[in-house]
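To keep things clear, I will list the structure first and then write my remarks on it.
What you are looking at is a predicted structure, and each value in this text was computed from that prediction instead of being measured. Just so it is clear: chains get the letters A, B, ... in the order the sequence lines come, proteins before strands, and each one is counted from 1.
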2 protein chains.
Amino acid sequence: MSRVRVHNLSVSLDGFAAGEGQELEAPFGHAGTRLVEWFLHTRAFNEMHGQAGGSSGVDDALAWTWKAGIGAEIMGRNKFGPQRGPWTDEEWKGWWGDNPPFHTPVFVLTHHPRPSLEMEGGTVFHFIDASPKEALRQAREAAGGLDVRIGGGPTTVRQFLAEDLVDHLHVAIVPIVLGRGERLWDGLEGMEQRFQIESVTTPSGTTHLTFSRP
Amino acid sequence: MSRVRVHNLSVSLDGFAAGEGQELEAPFGHAGTRLVEWFLHTRAFNEMHGQAGGSSGVDDALAWTWKAGIGAEIMGRNKFGPQRGPWTDEEWKGWWGDNPPFHTPVFVLTHHPRPSLEMEGGTVFHFIDASPKEALRQAREAAGGLDVRIGGGPTTVRQFLAEDLVDHLHVAIVPIVLGRGERLWDGLEGMEQRFQIESVTTPSGTTHLTFSRP
């Protein structure tokens, strides 16, 4: 059975997975890069973006797991780009350039569908107005038996967790107090009881938690 | 210079350091013992309560550090007991029996002062209506050059952190989503910048963070 997975989701000590004020120049809002520093220095991150080098320790090992065995991704519209409401700029093709790092079908959840976008390297963006369950049905079909990744942002992940649709969750706790932004854990009281949890702290100060179905 | 220290403060993934509904039978409210399981199994905890046995690993080592070099404690009234408002029951002498584990002067912050309570083993409870700074002045005087511990609860710790009065903070992140209760981190945006932070995850799944003045 194909699994539904979340990877590399950084969260502050106070439970925020994105800052306040997301915009074109600041995809994480006032958090800047503070939530994702541990990730930016890894080889996995560089490889995703067509570059060489980076660290190859435990942060990197965990970061790589996002890729293996994934056949489709589902993402929220806010991860795709900073526009809100009806699409005013259909030239916008995401943050990632002509060859995005996904290389699979990607289902973008939006109340404003638009034609699919076929990119280089196998990524195809589909824009669908669907519930989590229905989006997952379509993504599973497109994934051809492989796993489906919920790519974020935090609101999208929270919706899938709230409906108990996630089989594997990798969270990176970053020791900062963000103060404001988008909370990951709201409405998820007791969710840890559905999972086996492992934790490890790496020399970057990040604590990685994996939540897996028992 | 004597330092101001916080120890063994357990916090959930969503940032709650106590549950909702604190009362006589449930000092942590709906959280029950879930926030403090890692602590309850240690030798340090047992020794505090006059009992033998317990684990002697990394959780225990960190738990012990609460004790060394402390000359006085400051605690919020909610840590002292479940009563609110004017004291209706002056027979209440805290949760800890005749010989509390502090063995130093303990300053209880309350808007309703009452006579000091001298317990067995050196603990003396003083009830004072004072600001954090003034309470600290009194506690420092009583500590005779040793350190002052801020004993909790979360609201009291947060007040001292907000006024930048804390030199050392030990937090234990417990991988549960509590959903409701008393938040530790509210109003403390960016506080990590004042500290050097170390993190370690133990086999109990707890992640210990120490915040120290550089």
Inset, instruction - Please state whether the side chain, the backbone, both or neither of A/Leu184 comes within less than 4.5 Å of a heavy atom of chain B. - result: neither
Inset, instruction - Look at atom CD of A/Glu198 and say whether more than 12 heavy atoms of other residues, nucleotides or ligands are closer to it than 6.0 Å. - result: no
Inset, instruction - Would you mind checking which part of A/Phe211 comes under 4.5 Å of any heavy atom in chain B, side chain (CB onward), backbone (N, CA, C, O), both or neither? - result: side chain
Inset, instruction - For B/Thr201 and A/Thr201, test the side chains for any donor-to-acceptor distance below 3.5 angstrom and give the result as yes or no. - result: yes
Inset, instruction - Output the option from A/Asp186, A/Ile173, A/Asp14 having the highest count of non-hydrogen pairs under 4.5 Å with chain B. - result: A/Asp14
Legend entry - A/His30 portion near chain B, given a 4.5 angstrom heavy-atom threshold: side chain
Inset, instruction - State whether the side chain of A/Glu192 and the backbone N or O of B/Val177 hold a donor-acceptor pair below 3.5 Å, judged by distance alone. - result: yes
Inset, instruction - Could you check which of A/Gly205, A/Pro203, A/Ser199, A/Gly190 has the highest count of heavy-atom pairs closer than 4.5 Å to chain B? - result: A/Ser199
Legend entry - Contacting region of A/Gln193 [heavy-atom separation from chain B under 4.5 Å]: side chain
Legend entry - Within 6.0 Å of CZ in A/Phe28, more than 12 heavy atoms from elsewhere: no
Inset, instruction - Name the region of A/Leu209, side chain, backbone, both or neither, that has any atom closer than 4.5 Å to a heavy atom of chain B. - result: side chain
Legend entry - Nearest heavy-atom neighbours spanning B/Ile197 and A/Pro175: CD1-O, 3.6 Å
Legend entry - Positive for side chain to side chain contact (heavy atoms under 4.5 Å, CB included) with A/Trp185, one of B/Leu178, B/Ile176, B/Leu13: B/Leu13
